[in-house]
Undergrad: 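This is the structure, below, for whatever I ask next.
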Amino acid sequence: GAEALWNGAVAGVAATRGEGVVVGVIDSGINAAHRSFADRGDDGHDHANPRGRLYGLCAQAPARCNDKLLGIHDFTNEGARDGSDLDGHGTHVAATVAGNVVEAVLDGVTIDVPLRVSGVAPHANLISYKACTDTAEGDSTCAEGALIQALDQAALDGVDVVNFSIGGGARDPWEGVRAGSARADDMAEAFLNLRAAGVVPVVSAGNDGPFAATVSSPANAPWVIATANASHDRRFLNRVLGVSGPGVAPRDYEGLGISAALPTRRIVDAAAYGHALCAEGEDLDPPYNGRSNPWPPGTFNGEIVVCLRGVQARVAKGYNVRAAGGGGMILYNQASTGDSVVSDDHFLPAVHIGHEAGIDLLARLATASAAGGQLSGAISGYQRLLDGRGDVLNSSSSRGPVTPFGGWLKPDVSAPGSSILAAAQSGTQDLAILSGTSMAAPHVAGAAALLLGARPAWSVDQVESALLTTALAGVLDTDGATPATAFEAGSGRVQPAEAARAGLHFALGRASYAAADPLRGGNPATLNRPSLVSAACSTRCSFVRNATANRAASWRVETQAEAGVVLRVSPLEFALGAGQSQALAIEVDVGDPRL
C-alpha cells in the first residue's frame, strides 16, 4: 500500500517516498557499493543529505558514502572493521527499508530474472550500524555489548527510525530499567531510551513459530513495535506437471520456487533412499559444501526427488540432491508448516508445495509402486504472478502471548516477510531472496519512514498508533483459511496510506513504561497502548485508554465482538481539538464461563 503515498493519492497528504527521513539499520553491516544505496536511483531521483554531514566511518572516508548512505558505524571486531557486510543480512534489510529504485537481476542458479525493485521508502536516507559478525561456519553472532553501543549511537545520531531485525530468547524487558536489578537486560533499556529520544523502534518478532509464547527479546518489550511475518501477493509460481503412473490419474501440483524448467522425469521419494529430509547433520548456511549430504555422487540419475521440509535449510536439500545426481526436487511441508511455502532460488529445478499436496503425492507414489510401475512428471519453471493471495502468516513467525509476564499485545503488527527480494551483499550479485521476521520488520520501518515523510511533526506515539490502529485485520493463519488471532498477527498488516490519515493516537512516556514493571507493583495492561489485553478476564474486565487527537474532529465509537461477548465504551461520541485528549472507559463482558 505504499504506492498511494508515493503517488500523492492520499487526500490532504503530499506525495512522499521518505525524502528527508533518516533510518538507522542495526545489523550485520552494509554493501555500500550496491546500487540500492547509490546517490542516484534508477528512477532518476538524486538524493539530498538532510543533515548536511556524514557519520562514523563515512566522515573519515567520505568517498565510501553519499547523500543516500550518510553513515557507517562498526561496533564489531570483524576484519577491517569497515562496516562491510559478510553475511548479507544487513544489506538485504537496509534495501528493504529504503533501498533505491533499481533495475536489477536476480542472478539465480538455474535462471536469471530481471526485476525492478525498491525499498518501502526508496528516497529516505540510511545510516548503517554493524553489530553482528559472520563466523567461519556461516552463522551470524550479535554481541549484546555491540548492539547496545549501536542503539546508543543511533540515539546520538538522531535517526528518525531504527530497524532491528535481531532477537533471541524472551527475557524480562524491565531488568535493565529496574533500579538495583542484579541482572540487567540493558538492550531493552537502550530501546526505551531510544524511544524516549524520539526514535521509532521497529523489531522482528522472531522465527520460533508456530508455537505459542515464542516472541523473542527485545520484541517482547512493550515499548517497541514487534513485527510478524506474512506473505505478499507477488509470487514466483512453479508447478509439477502431469504427475502420472500406473493406477494414477494425471495431476498437476502448484507451488513456489525460482528455477528453470525440467522435462518429464521419474519421481522418487528420498525416504526410499534412507533420508526423507534429503540431508543429515548441519549445513544450514551458504556456502553449501555437502557437509550434510547423506548420499554419494551417482545415487540418482536425473530423477525428481521428493524431500521433506525441516531441520536443514530448504535450498541445501536441493544442493544435496543435485550433488547426488538428482535432476529436480519437490519439497513438501510437514504438518506443522501447513501450506506455508517459499519462493527460494534453488540449485536445480524445484517446486515447494504444501503438506496436503505432499501427502497426496506420496500416496500416488505408493499406488504406482504397488502396481509395479513408476511415477513421473515435469517441472514447469518459474512464472511471475500477482494474484492478491497475500496476508498468510508464515509458520515460522513467532507468536504471543508475551512471556515472562502478560498484559500487552505482541506481535504488534504483521508485514510481508516471506520470499522478499532485495539487495545482496555480493558486488556481483544484484538481488537475494530471504524470508523471516527479519524481512517483515523493515517493511514496517519503511512504512514508519513514509509516515514521517508525510507527517514530519508526528511523535513516536503518533507513528506507532497510526500503524497499529489502521492495520488490516484480515491476516490468515498458516493454512490460508483460518483467521489469525491477535497473538499471531497483532493488529494486522500495516497499511501506510491509511496510517497517514489516522486521527487519534495513544500517548505514552518513558516514566509510564518504567512504572508498569510487574515486579514493582506495576500493571502493563494499564499502559496507554493502542491494544487491550487481559490474561484473566473470566467474567468482566475494564480498561481505560486516553485518545489524543492528531487534528480537530468528532468521533463515534462502534464495537464488534464474537458471540457471547459484550463491549461497552463510554463516551460513545466526542469532539476534540488538535492535541486534546479524551479518556475512554472500556468494559468487556465475556459472560459466565460456566455456561
Side-chain angles (χ1 to χ4, degrees), residues 22-34 37 54-65 69-95 97 126-159 162-169 171 175-176 183-191 193-194 199 201 203-204 206-207 216-219 282-287 289 291 423-427 429 432 434 436 438 441-442:
V22 180
V23 179
V25 176
I26 299 174
D27 215 291
S28 61
I30 194 166
N31 175 10
H34 198 282
F37 315 119
L54 298 175
Y55 297 81
L57 299 171
C58 292
Q60 301 170 24
R64 289 198 64 200
C65 306
L69 181 58
L70 306 184
I72 298 174
H73 296 276
D74 193 333
F75 300 102
T76 73
N77 294 314
E78 185 175 73
R81 297 198 64 185
D82 60 357
S84 59
D85 184 11
L86 301 182
D87 176 73
H89 191 274
T91 295
H92 194 278
V93 165
V97 178
L126 285 162
I127 300 178
S128 171
Y129 302 84
K130 181 179 174 69
C132 300
T133 62
D134 195 41
T135 67
E137 292 75 29
D139 298 319
S140 185
T141 59
C142 308
E144 188 166 7
L147 295 172
I148 294 168
Q149 289 183 69
L151 287 163
D152 291 345
Q153 187 64 53
L156 289 171
D157 291 344
V159 301
V162 155
N163 187 92
F164 193 86
S165 289
I166 303 164
R171 292 178 288 176
E175 282 182 353
R183 292 177 58 243
D185 180 7
D186 292 327
M187 189 162 61
E189 182 183 20
F191 263 108
N193 294 336
L194 187 78
V199 182
V203 179
S204 57
N207 301 310
S216 63
S217 294
E282 295 294 319
D283 193 6
L284 301 181
D285 294 294
N289 56 21
R291 286 177 300 185
Q425 94 274 21
S426 169
Q429 186 177 10
L434 298 178
S438 285

Undergrad: How close do Gly83 and Asp74 get, heavy atom to heavy atom, and via which atoms?
TA: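 Looking at all heavy atoms of both residues, the shortest contact is N-OD2, 2.9 Å.
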Undergrad: For a side chain to side chain contact (heavy atoms under 4.5 Å, CB included) check, start with the C-alpha distance between Val25 and Leu126, then their side-chain angles and the critical distance, and finish with the verdict.
TA: CA-CA 7 Å; Val25 176; Leu126 285 162; 4.0 Å; yes
Undergrad: For the residue pair Asp186 and Gly176, what are the closest heavy atoms and their distance?
TA: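 So the minimum-distance heavy-atom pair works out to OD1-CA, 4.2 Å.
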Undergrad: Nearest 0.5 Å, what's the CG-CG distance between Asp87 and Asn31?
TA: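 Here the interatomic distance stands at 12.5 Å.
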Undergrad: Partners of Phe191 by ring pair (Phe, Tyr, Trp, His ring centres under 6.0 Å), sequence neighbours excluded?
TA: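 Scan of Phe191 (ring pair (Phe, Tyr, Trp, His ring centres under 6.0 Å), adjacent residues dropped) gives Phe164.
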Undergrad: Looking at CG of Leu54 and CZ of Arg64, how far apart are the two atoms once the value is rounded to the nearest 0.5 Å?
TA: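 Going from the CG atom of Leu54 to the CZ atom of Arg64 covers 12.0 Å.
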Undergrad: Looking at Asp85 and Thr91, would you say the former's side chain and the latter's main chain have a donor-acceptor pair under 3.5 Å?
TA: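 Yes, Asp85 side chain to Thr91 backbone: donor-acceptor pair under 3.5 Å.
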Undergrad: Check Ala131 against Ala150 and note the closest heavy-atom contact, atom names and distance.
TA: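 Looking at all heavy atoms of both residues, the closest pair is CB-CB, 4.3 Å.
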Undergrad: For residues Gln425 and Leu86, determine if any side-chain heavy atom of one lies less than 4.5 Å from a side-chain heavy atom of the other.
TA: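 Not in contact.
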Undergrad: Can we say Arg171 and Glu189 salt-bridge, meaning some charged N sits less than 4.0 Å from an Asp/Glu carboxylate O?
TA: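 Not counted as a salt bridge, because no side-chain N and carboxylate O are separated by less than 4.0 Å.
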Undergrad: Verify side chain to side chain contact (heavy atoms under 4.5 Å, CB included) between Met187 and Leu151, making sure each step is shown before the conclusion.
TA: CA-CA 8 Å; Met187 189 162 61; Leu151 287 163; 3.9 Å; yes
Undergrad: Kindly write out the residues that satisfy ring pair (Phe, Tyr, Trp, His ring centres under 6.0 Å) with His73, not counting sequence neighbours, or none if the list is empty.
TA: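 Result, ring pair (Phe, Tyr, Trp, His ring centres under 6.0 Å) vs His73: Phe75, Tyr129.
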Undergrad: How far does OG of Ser128 sit from CG of Leu57, to the nearest 0.5 angstrom?
TA: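 The CG atom of Leu57 is 9.5 Å from OG of Ser128, to the nearest 0.5 Å.
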Undergrad: Among side-chain atoms of Thr133 and Thr141, is any donor-acceptor pair under 3.5 angstrom?
TA: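 Yes, a side-chain donor-acceptor pair sits under 3.5 Å.
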Undergrad: Not counting sequence neighbours, which residues clear ring pair (Phe, Tyr, Trp, His ring centres under 6.0 Å) with Tyr55? List them please.
TA: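 Testing Tyr55 for ring pair (Phe, Tyr, Trp, His ring centres under 6.0 Å), a comparison that skips the adjacent residues, returns none.
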Undergrad: So do the side chains of Val159 and Val23 get within less than 4.5 Å of each other, counting heavy atoms only?
TA: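 Val159 vs Val23: side chains apart.
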Undergrad: Write down the atom of Ser216, the atom of Gly206, and the distance for their closest heavy-atom approach.
TA: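 It is OG-CA, 3.9 Å.
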Undergrad: Between Asp82 and Ser84 (side chain of the first, backbone of the second, donor and acceptor by atom type, cut-off under 3.5 Å), is there such a pair?
TA: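 Pair found, side chain donor or acceptor close to backbone of Ser84.
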Undergrad: Within the 4.5 Å heavy-atom criterion, are Leu147 and Ile166 side-chain neighbours or not?
TA: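 Side-chain contact under 4.5 Å: yes.
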Undergrad: Could you grab the distance from atom CD1 of Ile30 to atom SG of Cys65, nearest 0.5 Å is fine?
TA: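 Nearest 0.5 Å value for the CD1-SG distance: 8.5 Å.
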Undergrad: Look up atom CD1 in Ile26 and atom SG in Cys132, then write down how far apart they are to the nearest 0.5 Å.
TA: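 Reported value, rounded in 0.5 Å steps: 9.5 Å.
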Undergrad: Please check: side-chain N/O of Thr76 versus main-chain N/O of Glu78, any donor-acceptor pairing under 3.5 Å?
TA: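 Side chain of Thr76 to backbone of Glu78, a donor-acceptor pair under 3.5 Å: yes, one is there.
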Undergrad: Is there a donor-acceptor pair under 3.5 Å between the side chain of Ser438 and the backbone N or O of Ser165?
TA: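 Yes.
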Undergrad: What's the separation between atom CG in Asp27 and atom CG in Asn163, rounded to the nearest 0.5 Å?
TA: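 Answer for the CG-CG pair, Asp27 versus Asn163, is 7.5 Å.
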